[in-house]
Amino acid sequence: MSIYLDHAATTPMLPAAIEAYVDAMSVVGNPASIHSQGQNAKRMLEEARETVARSVGCDPIEVVFTGGGTEAINLAIKGLFWARAPRRGILVPGGEHHATMDTVEWLERHDGAEPGWLPLDGTGRVDPARVADALATGTDDVALLSLLAANNEVGTLQPIAEIGELAAAHGIPVHVDAVSAYGQVPIDFRALSGAGRAGSAGGGIVALSVSAHKIGGPVGIGALVLSRRASIVPLIHGGGQQRQVRSGTQDVAAAVAFAAAASALGDLPARNVRLRALRDRLIVGVRSAVPTAVLNGPVPDGSNEQRLPGNAHFTFPGCEGESLLFLLDAAGISVSTGSACQAGIPEPSHVLRAMGRSEAEARSALRITLGRDSTDADVDAFLAALPAAHAQASRAGMNDRVSTR
């Protein structure tokens with residue numbers, strides 16, 4: 001038995017994306033070449049760009065293909081920061097993905113950036129009032145604001161439209177990390193960015209990052225959606241491709257496969273109805289099997305959902321999340337303790353710490369995430385394996401490690 005419930009880390013490639021990938025890899029031609037084979041490759045690339053653009057509600061020229069979500073995030077944050085010199089301030093909520101946190105900390109060490117860490121509430125939400133307070137204290141030295149559309153661990157949806165409007169009023173550009181939200185909730189960059197907003201002076205949401213492998217495309221390609229009105233300094237220099245924002249020969253086959261996965265997002269509303277029902281059944285089942293388990297993030301209420309439809313995140317008091325993960329894995333169930341982007345090294349959840357939880361609570365977390373192909377049988381298998389895994393992990397208890405972060 002092998003049950004995969006870690007779709008937030010990556011989700012299986014769709015058959016249509018695999019087929020498109022294989023077919024496109026047989027096409028020869030550099031899309032920057034002017035001969036007919038090069039122009040055929042360019043046509044395929046630009047058609048893929050148009051499809052990805054439709055999936056996020058932007059113009060094709062605003063889609064900058066990257067090597068993945070992490071590169072897109074780095075390009076947005078570093079590029080906006082450098083373009084806004086000599087401003088030093090970067091407003092960032094606690095509990096962001098490490099692709100953002102580590103980038104901001106790198107800029108702090110190497111370029112004199114001055115991070116302003118915004119607090120999260122107990123559900124992992126950024127309060128717009130706290131953002132307004134931070135902006136009201138003076139924005140002359142703020143280069144940008146960056147935040148998640150949805151927390152990759154606890155699944156909390158952030159009020160990005162409201163925060164974008166606050167930043168626009170102060171002329172502060174905003175980058176949204178939508179890697180975890182893409183393919184889970186609808187994204188309309190055109191509406192979020194408010195193109196043509198009077199008096200925004202380049203402020204508001206101007207950049208948004210996504211990744212193909214979160215929606216059934218290949219690993220190794222993502223995109224930075226970059227507004228026409230945004231000024232950015234590139235990370236990579238060379239041939240001047242993609243508005244000179246990201247130079248380098250573009251991966252046509254990966255872009256075509258990305259587009260194939262993006263085309264499949266048309267069923268998102270119906271799929272989310274099913275996923276929410278499956279997630280809610282899982283939550284009820286966990287609470288029944290382990291009454292001490294604590295659901296983290298917003299409680300689903302069936303109306304104005306503030307949580308990703310496929311996310312269930314729990315703490316299990318007295319248990320190491322890592323122990324539960326390995327015991328469940330031995331039973332054929334794949335889950336996670338949090339982000340998969342820490343080089344395979346489990347660590348206490350910095351998200352839960354930012355939400356005010358204790359070190360012990362941050363070490364007892366387990367994330368269960370559903371995807372397009374998740375079934376009732378998958379949830380049943382997880383719920384059947386959980387009690388024994390929890391009992392064994394409880395007997396082992398918490399070890400005496402202390403986090404150094």
Side-chain angles (χ1 to χ4, degrees), residues 4-17 20 48-60 62-63 69 123-125 148-152 154-162 164 176-194 205 208-217 222-223 225 257-284 297-313 367-379:
Y4 187 75
L5 297 175
D6 192 20
H7 290 268
T10 193
T11 200
M13 276 189 75
L14 294 170
R49 198 186 310 274
E50 290 171 4
T51 300
V52 172
R54 283 194 297 273
S55 75
V56 292
C58 74
D59 295 336
E62 295 177 311
V63 173
T123 69
R125 185 175 184 270
L148 285 158
N151 189 277
N152 57 290
V154 300
T156 306
L157 295 173
Q158 300 294 358
I160 54 174
E162 186 176 353
V176 173
D177 171 2
V179 172
S180 296
Y182 188 40
Q184 290 274 315
V185 294
I187 295 172
D188 187 343
F189 181 77
R190 196 172 290 110
L192 288 170
S193 66
I205 295 173
L208 183 143
S209 301
V210 295
S211 185
H213 76 103
K214 304 293 189 179
I215 65 166
V225 182
F258 186 175
S263 294
L265 295 179
D267 68 349
L268 192 59
R271 177 153 46 100
N272 281 352
V273 170
R274 187 184 73 84
L275 272 185
R276 289 190 183 100
L278 199 59
R279 175 206 62 194
D280 292 349
R281 193 166 77 80
L282 186 150
I283 290 171
V284 170
V299 176
D301 63 7
S303 56
N304 185 25
E305 285 263 346
Q306 298 300 313
R307 185 186 198 99
L308 288 175
N311 174 286
H313 189 279
R367 183 184 69 180
I368 309 101
T369 48
L370 308 170
R372 176 189 295 274
D373 59 355
S374 296
T375 65
D376 285 300
D378 294 339
V379 171

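Basis for what follows: all heavy atoms, side chains included, without hydrogens, waters or symmetry-related copies. Each residue takes its place number in the sequence, starting with 1.
- Checking side-chain atoms of Arg372 against main-chain N and O of Ile215 turns up no donor-acceptor pair under 3.5 Å.
- Under the side chain to side chain contact (heavy atoms under 4.5 Å, CB included) test applied with Leu278, the options Ile283, Asp378, Asp376 reduce to a single match, Asp376.
- For the pair Val179 and Asn152, the minimum side-chain heavy-atom distance is 4.5 Å or more.
- Legend: residues meeting side-chain contact (heavy atoms from CB on, under 4.5 Å) with Ala20, ordered by chain and number and at least two apart, are Val256, Ala260.
- Looking at Val379 and Arg281, their side chains come closer than 4.5 Å, going by heavy atoms from C-beta outward.
- Residues Leu282 and Ile368 come closest through the heavy atom pair CD1-CG2, 3.7 Å.
- Residues Leu5 and Thr369 fail the side-chain proximity criterion, which asks for heavy atoms closer than 4.5 Å.
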Intermediate values then yes/no, side chain to side chain contact (heavy atoms under 4.5 Å, CB included), Tyr4 and Asp373:
CA-CA 9 Å; Tyr4 187 75; Asp373 59 355; 6.0 Å; no
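- In this structure, Lys214 contributes its side chain and Ala9 its backbone to a donor-acceptor pair below 3.5 Å.
- Nearest heavy atoms, Ala261 versus Leu14: CA-CD1, 4.0 Å.
- A donor-acceptor contact shorter than 3.5 Å is absent between the side chain of Asp280 and the backbone of Ala277.
- Every residue two or more places apart in sequence or in another chain that forms a side chain to side chain donor-acceptor pair (under 3.5 Å) with Arg279 is listed here: Glu305.
- Pairing each heavy atom of Ser374 with each of Arg274, the nearest pair is O-NH1, 2.8 Å.
- For the pair Ser193 (side chain) and Phe189 (backbone), a donor-acceptor distance under 3.5 Å is present.
- Remark: His7 NE2 to Leu308 CG distance equals 14.0 Å, nearest 0.5 Å.
- Across all non-hydrogen atoms, the minimal contact from Arg271 to Ala264 is NH2-O, 4.2 Å.
- A pairwise comparison of heavy atoms in Val185 and Pro309 identifies CG1-CD, 4.1 Å as the closest pair.
- Here the side chain of Asn272 pairs a donor or acceptor atom with the backbone of Gln184 at under 3.5 angstrom.
- Here CD of Gln158 is found 7.0 Å from CG of Leu148. Values are rounded to the nearest 0.5 Å.
- In terms of heavy atoms, Asn311 sits closest to Val154 at OD1-O, 3.1 Å.
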Evaluation steps, side chain to side chain contact (heavy atoms under 4.5 Å, CB included), between Val176 and Ile187
CA-CA 11 Å; Val176 173; Ile187 295 172; over 6 Å; no
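- With Arg307 contributing its side chain and Thr156 its backbone, the two residues share no donor-acceptor pair below 3.5 Å.
- Remark: the backbone N or O of Pro298 is not paired with any side-chain donor or acceptor of Arg125 at under 3.5 angstrom.
- Residues Tyr182 and Leu208 form no side-chain contact, since every pair of their non-hydrogen atoms from C-beta on lies 4.5 Å or further apart.
- Residues that satisfy the side-chain contact (heavy atoms from CB on, under 4.5 Å) test with Ala223, not counting sequence neighbours, are Val63, Phe65, Val210, Phe258.
- Partners of Ser180 by side chain to side chain donor-acceptor pair (under 3.5 Å), not counting sequence neighbours: none found.
- The CD atom of Glu50 lies 11.0 Å from the CG atom of Asp59; values are rounded to the nearest 0.5 Å.
- The side chain to side chain donor-acceptor pair (under 3.5 Å) check on Thr51 picks up Arg54, with sequence neighbours excluded.
- Qualifying side chain to side chain donor-acceptor pair (under 3.5 Å) partners for Ser211, counting only residues two or more places apart in sequence or in other chains: none.
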